[in-house]
Q: 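Can you read through this structure? Questions will come right after.
Only this structure's heavy atoms are used, side chains among them; waters, hydrogens and symmetry mates stay out. For the single chain, residues carry numbers from 1 onward in sequence order.
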Amino acid sequence: MQGQIIKALAGFYYVESDGQVYQTRARGNFRKKGHTPYVGDWVEFSAEENSEGYILEIHERKNSLVRPPIVNIDQAVVIMSVKEPDFNSNLLDRFLVLLEHKGIHPIVYISKMDLLEDSEELDFYEKIYRAIGYDFVTSKEELLPLLTDKVTVFMGQTGVGKSTLLNKIAPDLNLETGEISDSLGRGRHTTRAVSFYNLNGGKIADTPGFSSLDYEVSSAEELNQAFPEIASVSRDCKFRTCTHTHEPSCAVKPAVEEGIIANFRFDNYLQFLSEIENRRETYKKVSKKIPK
């Protein structure tokens, strides 16, 4: 039989096939090969009546997230609040870089709109992100139609109201919501297990809250591709490996000056590039200290 893992808990994998859910375990040879089934995996499995089934084969994945381990994702709703915590374009771009690198379509959802006092700044960001090609929504009415026929994960910095949003669009989930900690200025981690839920003709998954995010981009070339508007303009750079920092005949820097690429996006690109280069330098120094 073939189906998709919709929940993983305590060594059991719950596989949905033709509208039914089967409880299965993974065969021991998966552990020997270092393969672990994840939520979202399409699998071949056996299932006998009144007994546990077994996963026999894991199909090839189109993408995956490490934290939490979810695979075969179509899109991700990145939740950013206007206040408490304040909207942060640098953090948003970190999420977007990760998703672009993974081939996952981002939807930017702005929460806590009732706390917004002046819409000018938000309108500025919305115009830029929409021009890049990202969905940018501020209500569940705008969001729900985007979920049809898609596997969607929800992610966001801790405290932005992720569980609150999920409870609004899917009340049956009854997800625990955490109060913002006044002393720490951030929310408690409230999400534990990872499961798929059926909603609006698609599947959604909640994910643990993040207080920080380490993206998996490790080179200037990968980072360049993770900024779509920079990647597009960079085709006209003289050098294919142009980092847009010091090289002659760079097409990106003039595009920033002309307003084709937003200044804050380019600044974030440069910061992420510096972090990548510093990580590589640190790795080189550590490697040299390891005795042969």
Side-chain angles (χ1 to χ4, degrees), residues 1-78 95 97-106 147-156 162-163 166 170 172-176 189-210 212-219 222 283:
M1 298 175 69
Q2 180 177 306
Q4 187 176 33
I5 298 175
I6 61 168
K7 184 177 181 179
L9 186 64
F12 290 104
Y13 300 94
Y14 298 85
V15 181
E16 184 179 64
S17 178
D18 294 328
Q20 291 194 44
V21 178
Y22 300 85
Q23 180 176 297
T24 69
R25 284 187 179 274
R27 289 284 192 195
N29 61 342
F30 285 116
R31 284 193 297 274
K32 291 175 185 175
K33 294 177 181 176
H35 296 164
T36 303
Y38 291 132
V39 170
D41 266 325
W42 287 95
V43 298
E44 300 290 336
F45 71 103
S46 65
E48 297 176 13
E49 198 172 344
N50 300 322
S51 67
E52 285 177 10
Y54 284 95
I55 293 174
L56 307 174
E57 181 186 347
I58 302 172
H59 291 194
E60 186 177 351
R61 298 161 179 162
K62 69 177 182 180
N63 55 40
S64 63
L65 287 176
V66 174
R67 197 177 49 173
I70 304 180
V71 302
N72 298 324
I73 305 146
D74 296 317
Q75 58 187 15
V77 177
V78 182
F95 279 107
V97 162
L98 170 70
L99 296 174
E100 287 286 350
H101 183 59
K102 294 289 187 178
I104 300 170
H105 175 69
L147 307 182
T148 305
D149 298 327
K150 302 289 186 183
V151 172
T152 308
V153 297
F154 287 69
M155 53 175 56
K162 180 160 55 66
S163 293
L166 285 167
D172 293 344
L173 299 188
N174 292 320
L175 294 171
E176 177 189 359
H189 289 246
T190 56
T191 309
R192 297 291 181 265
V194 178
S195 303
F196 278 166
Y197 303 92
N198 293 317
L199 178 69
N200 218 48
K203 292 190 187 309
I204 66 168
D206 189 15
T207 62
F210 293 109
S212 64
L213 181 72
D214 296 322
Y215 49 82
E216 299 171 40
V217 176
S218 58
S219 71
E222 289 176 346
Y283 175 76

Q: Is the side chain of Ser17 donor-acceptor paired with the backbone N or O of Gln2 at a distance under 3.5 Å, no angle test?
A: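 It does hold such a pair.
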Q: Taking the side chain as C-beta and beyond, is there a heavy-atom pair between Leu147 and Gln75 under 4.5 Å?
A: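 Side-chain contact under 4.5 Å: yes.
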Q: Shortest non-hydrogen contact from Pro106 to Leu99?
A: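 Smallest heavy-atom distance, with atoms named: CB-CD1, 3.8 Å.
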Q: Using the side-chain hydrogen bond (donor to acceptor under 3.5 Å, both in side chains) rule, pick out the option among Lys203, Lys62, Lys150 that qualifies with Asp74.
A: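 Going through the options one by one, the only one that passes is Lys62.
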Q: To the nearest 0.5 angstrom, please state how far the CD atom of Gln23 sits from the CZ atom of Phe12.
A: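 Between atom CD of Gln23 and atom CZ of Phe12 there are 4.5 Å.
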Q: Within the 4.5 Å heavy-atom criterion, are Ile104 and Leu65 side-chain neighbours or not?
A: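 Touching, per the 4.5 Å side-chain cut-off.
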Q: I want to check something: taking the side chain as every heavy atom from C-beta on, are Tyr22 and Ile55 in contact at a cut-off of under 4.5 Å?
A: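 Side chain of Tyr22 against side chain of Ile55, heavy atoms only: no contact under 4.5 Å found.
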Q: Thr148 side chain to Gly201 main-chain N or O, any donor-acceptor pair under 3.5 Å?
A: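 Not a single qualifying donor-acceptor pair exists.
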Q: Specify the closest pair of heavy atoms between Ala205 and Ile70, including all atoms of both residues, with the distance to one decimal.
A: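 That would be CB-CD1, 4.0 Å.
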Q: When you measure from the side chain of Lys102 to the backbone N and O of Ser64, does any donor-acceptor pair fall under 3.5 Å?
A: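 Indeed, once roles are kept as given, a pair shorter than 3.5 Å links the two residues.
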Q: If we only count heavy atoms from C-beta on, is the Val15 to Met1 side-chain gap below 4.5 Å?
A: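 Val15 vs Met1: side chains apart.
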Q: Tell me the closest heavy-atom pair linking Gly103 and Asn63, and the distance in Å.
A: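 Scanning both residues completely, I find the closest heavy atoms to be O-ND2, 3.8 Å.
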Q: Can you confirm whether Leu166 sits close enough to Tyr197 that some side-chain heavy atom of one is under 4.5 Å from a side-chain heavy atom of the other?
A: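 The answer is no, as the side chains (C-beta and beyond) never meet within the 4.5 Å cut-off.
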Q: Run the side chain to side chain contact (heavy atoms under 4.5 Å, CB included) check on Phe30 and Ile58 step by step: do they pass?
A: CA-CA 9 Å; Phe30 285 116; Ile58 302 172; 3.8 Å; yes
Q: Using only atom types and a distance under 3.5 Å, with no angle test, would you say the side chain of Gln4 pairs donor to acceptor with the backbone of Gly40?
A: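 Present.
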Q: Enter the distance from Phe45:CZ to Ile5:CD1 here, rounded to the nearest 0.5 Å.
A: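 Spacing of CZ (Phe45) from CD1 (Ile5) equals 10.0 Å.
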Q: Taking side chain as C-beta onward, heavy atoms only, is Asn72 less than 4.5 Å from His59?
A: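 No, side chains not in contact.
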Q: So do the side chains of Lys7 and Phe196 get within less than 4.5 Å of each other, counting heavy atoms only?
A: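 No, every pair of side-chain atoms sits at 4.5 Å or beyond.
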